[in-house]
Amino acid sequence: MEKEKFYITTPIYYASGNLHLGHCCTSVYADSLARWNKMLGKDVFFLTGSDEHGQKVAEKAEKAGLTPQAYCDNLVKNFYELWDILNVKYDKYIRTTDSEHVECVQKIFKKLYDQGDIYLSKYEGWYCTPCESFWTESQLKDGKCPDCGREVKKQEEEAYFFKLSKYGEKVKEYILSHPDFIKLEGTKNEMVSFIDQGLNDLCVSRTSVKWGVPVPFDTKHTVYVWIDALPNYISALGYLSEDEANFTKYWPADVHLMAKEIARFHIIIWPAILMALGLPLPNKIHAHGWLTQSGVKMGKSLGNGFNPYVLCKRYGVDAVRYYLLKNGPILGDAPYDNESFLKLINTELVNDLANLLSRTSAMLVQNFDGELPKLSNNVLDIDKVLTDEVVNLTTEVSKHMQNLEPNNALNSILKVVRLANKYIEDTAPWTLKEDKQRLGDVLHNLYFVLHSVAVLMQAFTPQTAQKILEALKDTNAELSTISNEYNLKIFGNKVEKTALYQRLDIAKEIQYLEVDSLKETDKEEKMEDEETLKHKPNINFEDFEKLEIMVGKILTAEKVENADKLLKFNVKIGAETRTIVSGVAKHYEPEYMVGKNVLVVTNLAPRKIRGIESAGMILYAYTNDDKEFCFVTPEKEITDGALVG
RNA sequence: CGCGGAGUGGAGCAGCUGGCAGCUCGUCGGGCUCAUAACCCGAAGGUCACGAGGUUCGAAUCCCGUCUCCGCAACCA
């Protein structure tokens with residue numbers, strides 16, 4: 001009989017920088033599902049990879065003085081390394097720069113073009129000549145190029161478009177008629193309402209971006225991300241290649257796993273492409289939440305992504321895996337902080353699990369010289385309650401994993417671990433020194449709990465599971481061993497007293513993570529930051545002289561209606577008083593600003609903002625991530641109207 | 001009237017196909033000594049954002065209204 005297949009994917013991560021703890025969530029999550037389904041005996045195919053094309057990658061490469069390909073090759077090594085450290089065991093790693101992928105993309109593009117789902121048209125945007133870049137209206141910064149700050153002009157670019165509009169309704173129908181397609185109700189609603197707003201055709205090529213897959217029949221174009229990145233899920237299986245065996249076998253995917261910011265691409269665009277190709281849609285798409293820090297998405301750009309390397313190195317891979325799977329954003333967002341991470345490891349992994357192994361193995365060594373005694377047939381109710389829970393655990397875990405909920409699976413496992421600790425309390429083995437048979441039974445049952453827990457935990461924390469099995473001298477780790485029959489059969493294994501994990505000193509570790517470790521990691525981060533620190537082109541003195549900056553005193557400050565970020569000021573500058581609007585409401589209460597001396601650019605052309613004419617600009621200092629922000633004020637009291645230069 | 005998500009004991013979350021409000025951490029009290037100051041038991045603590053709103057025998061759970069918070073969008077000289 002043919003084995004049931006299980007095809008699961010993570011997104012292909014963008015190769016423009018190193019990965020952070022958020023990426024680890026998705027990959028470890030997918031890995032646990034892959035491992036579990038393997039344990040169930042399924043023929044599993046687990047795909048991950050990297051998205052390596054596009055403008056951003058090309059820019060990064062240039063800055064690093066490398067060709068884009070070399071840049072990607074280097075970076076992807078880090079990706080491999082991270083997954084290796086985290087024990088993420090994928091079956092295939094796809095790179096969008098792989099020749100098989102490139103060919104597949106070209107064939108797909110051609111096919112869609114030939115059948116009329118891709119057509120040539122014009123794409124209108126803002127063009128920055130020096131940067132050779134197109135920007136959309138919303139990307140522009142102050143109406144200028146967000147990269148170099150120079151003027152942009154409206155320009156048309158020839159581009160290919162995918163007829164997304166043609167498939168919107170069909171995708172919607174599919175979503176509505178397949179309740180299991182999207183795991184979260186909220187995501188589903190959002191997608192449907194997005195479709196209801198009406199879909200535009202999708203621009204799927206660029207002439208301005210050189211680093212990409214050339215459009216096969218029109219090579220001045222490169223294929224834009226949608227048709228390049230998304231089809232990785234089928235190109236990796238050999239779709240449209242000479243060997244489609246994997247494709248036939250594994251497609252459609254059983255689970256596409258990702259974080260919620262790319263839900264729309266996977267739930268609307270990707271199905272539309274598949275429909276156009278006449279292919280079946282994936283069975284399930286799950287867009288999980290974000291790992292957040294006080295409500296902010298964790299990410300490289302915010303500089304707050306906790307370094308997975310540091311965490312793994314100091315606390316072990318499984319501590320990180322355990323945390324991500326148990327407390328991670330499996331459904332909605334989940335907050336991360338070091339203290340809760342350390343606490344979780346201490347209470348569940350150390351106090352509950354490791355300690356259970358420790359006390360059980362210690363008693364086996366003390367009373368039976370470490371040799372697991374045979375189970376007698378004198379089964380008490382209290383034994384049965386425990387072993388029933390254990391035997392039932394496989395079903396529980398299975399149910400949760402079917403629902404893509406490793407957090408709940410771990411919860412069920414932990415419950416049994418706690419029950420076992422209670423079992424020790426209730427049976428009080430230390431009072432049974434005289435009754436060797438009863439003592440033997442109790443310890444045997446505890447051994448069975450540990451065995452079963454270790455077997456199940458292979459899907460979540462493989463190293464820990466392995467260590468427990470080794471400590472138990474237990475070689476059979478099949479799921480089927482979690483049964484009363486197996487419990488009866490095992491004996492004689494020579495157990496050693498084992499300490500799985502050491503307790504963490506939480507205060508000390510927080511100190512380490514939040515102070516000491518930063519010294520080490522900051523080096524890299526800083527280099528990265530310096531690399532991205534952009535200076536504007538030099539100006540000469542005459543340019544500078546054009547500026548007029550003066551000291552002003554804020555007389556009044558108030559919020560601007562219908563604008564979250566704007567404050568309106570009346571600023572006294574010498575004899576005159578001006579109205580100036582600034583986007584600083586997030587940073588300052590209006591009352592606080594009143595009476596402050598500030599620096600004002602006074603010869604800036606007035607501009608209307610939200611209907612208010614703003615005559616000048618107040619100067620502020622801020623970091624890139626906007627985390628630090630202040631206004632600039634003279635070092636001591638000085639008469640307003642004073643010149644700055 | 002932009003789109004969407006969320007408001008549940010000190011913290012973090014679950015429950016939301018309606019039926020005595022649950023989990024982990026924390027706090028307080030007790031027990032045990034096999035174990036990594038770990039483990040076990042008990043207690044305190046919530047009018048489930050608000051509306052003496054609607055439906056119902058019964059609502060955290062469904063409906064209506066209000067407020068607040070968070071993303072995205074807009075604004076940010």
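Here is how names work: the chains are called A, B, and so on, in the same order as the sequence lines, proteins then strands, and each is numbered from 1. Nothing here was measured: the structure is a model prediction, and the numbers come from that model.
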Distance in angstrom units between A:N407 CG and B:rA14 P, rounded: 9 Å
Contact nearer the 5' end of RNA chain B, comparing A:R418 with A:E185: A:E185
Touch class at under 4.0 angstrom, heavy-atom based, for A:V601 against every strand present: nothing
Contact nearer the 5' end of RNA chain B, comparing A:K497 with A:D426: A:K497
Pairing nucleotide - B:rC39, Watson-Crick or G-U, each distance under 3.5 Å: B:rG31
Sugar-phosphate, base or nothing in reach of A:S340, heavy atoms under 4.0 Å: nothing
Atom C1', compared across B:rA60 and B:rA49: separation rounded to whole Å: 12 Å
Closest to side chain of A:E190, choosing from B:rC13, B:rG4, B:rC34: B:rG4
Gap in Å between the two P atoms, one belonging to B:rU17 and one to B:rC63, rounded: 10 Å
Counter-base of B:rG2, judged by Watson-Crick or G-U geometry with both distances under 3.5 Å: B:rC72
For atom CE of A:M363 and atom C1' of B:rU36, their distance in whole Å: 14 Å
Closest listed nucleotide, where the reference is the side chain of A:K422 and the choices are B:rC32, B:rC41, B:rC39: B:rC41
Between B:rC13 (P) and A:D333 (CG): distance, integer Å: 9 Å
A:T577 side chain to A:K572 backbone, donor-acceptor under 3.5 Å: no
B:rC39 and B:rC50, which share atom name P, separated by this distance in whole Å: 36 Å
For atom CG of A:L349 and atom C1' of B:rC25, their distance in whole Å: 16 Å
Donor/acceptor link under 3.5 angstrom from A:E425 side chain onto base of B:rG31: yes
Sugar-phosphate, base or nothing in reach of A:Y501, heavy atoms under 4.0 Å: base
Charged N-O contact under 4.0 Å between A:E389 and A:R418: no
P-based separation of B:rG42 from B:rC69 [nearest Å]: 41 Å
Distance between P atoms of B:rG10 and B:rU68 (Å, rounded): 23 Å
Distance, C1' atom - from B:rG45 to B:rU36, rounded to whole angstrom: 31 Å
Euclidean distance for P, B:rC67 against B:rC1 (whole angstrom): 15 Å
For atom NZ of A:K188 and atom C1' of B:rG4, their distance in whole Å: 16 Å
Candidate pair A:Y315 and A:F341, rule ring pair (Phe, Tyr, Trp, His ring centres under 6.0 Å), full reasoning: CA-CA 10 Å; A:Y315 308 109; A:F341 167 76; 5.6 Å; yes
For A:F569, the option from A:I618, A:V598, A:T556, A:T579 that meets side-chain contact (heavy atoms from CB on, under 4.5 Å): A:I618
Touch class at under 4.0 angstrom, heavy-atom based, for A:D352 against every strand present: sugar-phosphate
Closest listed nucleotide, where the reference is the side chain of A:A362 and the choices are B:rC40, B:rA38, B:rC34: B:rC34
Strand partner of B:rG19, provided both Watson-Crick or wobble distances fall under 3.5 Å: B:rC57
Ion pair A:E396/A:K399, N-O distance below 4.0 Å: yes
Under-4.0 Å side-chain N/O to phosphate OP1/OP2 contact, A:N351 with B:rC39: yes
Whole-Å distance separating the CD atom of A:Q366 from the C1' atom of B:rU33: 11 Å
Between B:rC25 (C1') and A:K326 (NZ): distance, integer Å: 10 Å
Side-chain donor-acceptor contact under 3.5 Å, A:N407 with A:H400: no
Within 6.0 angstrom of A:E496 CD, more than 12 heavy atoms from elsewhere: no
Sugar-phosphate, base or nothing in reach of A:L344, heavy atoms under 4.0 Å: nothing
P spacing across the pair B:rA14 / B:rC23, given as an integer number of angstrom: 16 Å
Rounded distance (Å) that lies between atom P of B:rA35 and atom CG of A:L443: 12 Å
Phosphate-side-chain proximity, A:R503 and B:rA38, N/O vs OP1/OP2 below 4.0 Å: yes
